[in-house]
Amino acid sequence: MILKDKNIILGVTGGIAAYKALELTRLLNKKGANVYPVMTKSAAEFIAPLSFQTLSGNPVFTELFDASRDASIRHIDIAEKADIIIIAPATANVIGKAANGIADDLLTTIIMASKCPKLFAPAMNVNMYENPIVQKNISRLKRVGYSFAGPCEGELACGYEGKGRLAPIEDIIDAAEECLSPKDMKGQKVLVTAGPTREAIDPVRFISNPSSGKMGYAIARAAKRRGAEVVLVSGHSYLKQPTGITFVDVITADEMADAAMRHYPQSTVVIMAAAVSDYKPKTSYRKKVKKEETKLTVELERTQDILQEMGNKKRGQFLVGFALETDDVIANARKKLEAKRLDLIVANNPKGFDKDVNQVTIIDKSGGVIELPQLQKDEIAERVLDIVVKGIEG
Ligand SMILES: Cc1cc2nc3c(=O)[nH]c(=O)nc-3n(C[C@H](O)[C@H](O)[C@H](O)COP(=O)(O)O)c2cc1C
C-alpha cells in the first residue's frame, strides 16, 4: 500500500548479491511501485541489464553520458522523479563515493542530485564491512539521514562467515516502507499482543485456536514504521519476528497476561490483537495421558481477562481491543468496548484466521462505526493506526 504508485530508483552495484536485486525488483513491482533500475558498470558484469528491464518493465539506465537517450531522461529528471532511492546491493565502493561527495557515474550522480530518502542495503565480504573506513562512511551517511537495511550475519559468497550478507529482501522492502511512512507515532510506546495461546492438557496436547498472529504482527510493523517504540507480545507463531522492536514470546494465556501487564504501565497505546484462550484445563497432566477405552473429561477454568484488567487499571493509555464474533457482531463488540473501557474495538471475522486478508468493523467509544471492505491485514493495520493517531491527538 505504501509503495503503490511510488517511483523507486533501484541502484544496483557490482557485488555477487546483484542477482538478489532481481527478486527485489519483482516484489516492489508486485506492490505497485514503478521501479527504475540504475546499474553501475560493475553491476552489469554480474547481471545483464535486460533481466532488470524485463522484470521492472522500464528501461535500465547505466550511462551518465548517453547521447542516444532523449533529453527528457537526463539524470536530474530521474533524480527528481524518485520517491526513494534504494541501493541494493550497495558495494563498499558506492557507500564510499556517496559518503565523500563523489559523483562520477550515473548512480552516484543521481544519489547526489536527489532530495528523496535514500536506503542502502550493503553486501560485501566481512573484512571489507569491518574496515574502519567503510564503517566511517556508513556512519557519515547515517548522520545525514540516509537509511540502512542490514547487512546480516551468515555465510558469504566469498566463502567467509560473518557480517556482510545482503539483508533479506522482505527486510529491505520493510525498510523502504518505513522511509516513506509518516512518523505520526513518534514518541508513542505501543504494546501489541498477537497470535494464539496454548493451554496444556498434558505435555503433548493443548487447547488453542487457529490464530496465525498475522494481524498483530502487521500492527506492530506498521506502528514501528510510523515511528513508535513497539513491544510485541506474541503467542506461538510461524511468522518472522519483526526487526527493530522488543519481542516477547509466550505460550500460555497466563504468560501473555504477565508479559502484557508488565509492559502496560509504561505504554501509551495498547492494541490487543492476540487470540487469548478464555479457558484452560484446571489441572494439566504431568505425563502423557494414555489412550483408554473410557472417555476422558477435562475440566476447564477461566483464564485471566487481560483486557478487563487493563480497562480497570487504565491510566491514560489508548486501549484497543479485537473482538472475534460469530453472531450479533456489532452489538457484542460494543458491549465489550464498554465493559472493558476501551477506546476502540475492532470486530473481526473468523474467516480471517490465518489469512492475509480480513474484513473488519471498527467501533469507537463515541459510537462511530467504520466498516472496512476486505483488505490486506497490512492495510487494516494502517487504517486502525490512522484512527488511533486521530484519537490520541484528541
Ligand atoms: C567477483 C567479485 C565479487 C565482488 N563482490 C563484491 C561485494 O559483494 N561487495 C562489494 O562491496 N564489492 C564487491 N566486489 C568489488 C566491486 O565489484 C568493486 O569494488 C567495484 O569497483 C564496485 O563498483 P560499483 O560500486 O560502481 O558497482 C566484487 C568484485 C568481484 C570481481
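Just follow the structure's listing: the first ligand is 1, and inside any ligand the first atom is 1.
- Atom 25 (O) of ligand 1 has its closest protein heavy atom at Thr91 OG1, 2.6 Å.
- Ring geometry, Phe120 versus Tyr146: the interplanar angle falls under 30°, so the pair is classed parallel (tilted spans 30 to 60°).
- Of the protein's heavy atoms, Gly15 CA, 3.6 Å lies nearest to atom 6 (C) of ligand 1.
- The protein heavy-atom contact nearest to atom 23 (O) of ligand 1 is Ser42 OG, 3.0 Å.
- Against a heavy-atom cut-off of under 4.0 Å, Thr13 is close to the following atoms of ligand 1: 25 (O), 27 (O).
- Of all protein heavy atoms, the one closest to atom 13 (C) of ligand 1 is Gly14 O, 3.5 Å.
- Residue-ligand proximity: Ala123 is placed with a non-hydrogen atom under 4.0 Å from ligand 1.
- One side chain, Gln304 or Glu309, offers a donor N or O that lies under 3.5 Å from an acceptor on the other.
- The protein non-hydrogen atom at the shortest distance from atom 24 (P) of ligand 1 is Asn93 ND2, 3.4 Å.
- In this structure, atom 31 (C) of ligand 1 has no protein heavy-atom contact shorter than 4.0 Å.
- When only non-hydrogen protein atoms are considered, atom 11 (O) of ligand 1 lies nearest to Ala92 N, 2.8 Å.
- Of the candidates Thr252, Thr197, Asp254, Asp254 is the only one forming a side-chain hydrogen bond (donor to acceptor under 3.5 Å, both in side chains) with Lys280.
- Looking at heavy atoms from C-beta onward, Lys115 lies out of side-chain contact with Glu80 at the 4.5 angstrom threshold.
- With ligand atoms numbered from 1 in the order given, ligand 1 contributes 3 (C), 5 (N), 8 (O) to contacts under 4.0 Å with heavy atoms of Ile16.
- In terms of protein heavy-atom proximity, atom 4 (C) of ligand 1 is closest to Phe46 CZ, 3.9 Å.
- Counting heavy atoms under 4.0 Å from ligand 1, residue Met128 touches it through the side chain alone.
- In this structure, atom 18 (C) of ligand 1 has its sub-4.0 angstrom surroundings free of protein heavy atoms.
- Under a 4.0 Å N-O distance rule, the pair Asp202/Arg286 does not qualify as a salt bridge.
- With 3.5 Å as the limit, one finds a donor-acceptor pair spanning the side chains of Ser234 and Tyr217.
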- Task: Evaluate the salt bridge (Lys or Arg N to Asp or Glu O under 4.0 Å) criterion for residues Asp364 and Arg334: first the C-alpha distance (whole Å), next the side-chain angles of each, then the deciding distance (0.1 Å), finally the verdict.
- Result: CA-CA 9 Å; Asp364 66 31; Arg334 269 212 180 102; over 6 Å; no
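- Looking at Thr40 against ligand 1, only its side chain comes within 4.0 Å, counting heavy atoms.
- Side chains of Thr361 and Glu371: no donor on one and acceptor on the other come within 3.5 Å.
- Side-chain N/O atoms of Gln308 and Asn312 include a donor and acceptor closer than 3.5 Å.
- Side chains of Asn137 and Asn100: a donor-acceptor N/O pair is present below 3.5 angstrom, by distance only.
- Neither the backbone nor the side chain of Pro89 comes within contact range of ligand 1; no heavy atom lies under 4.0 Å.
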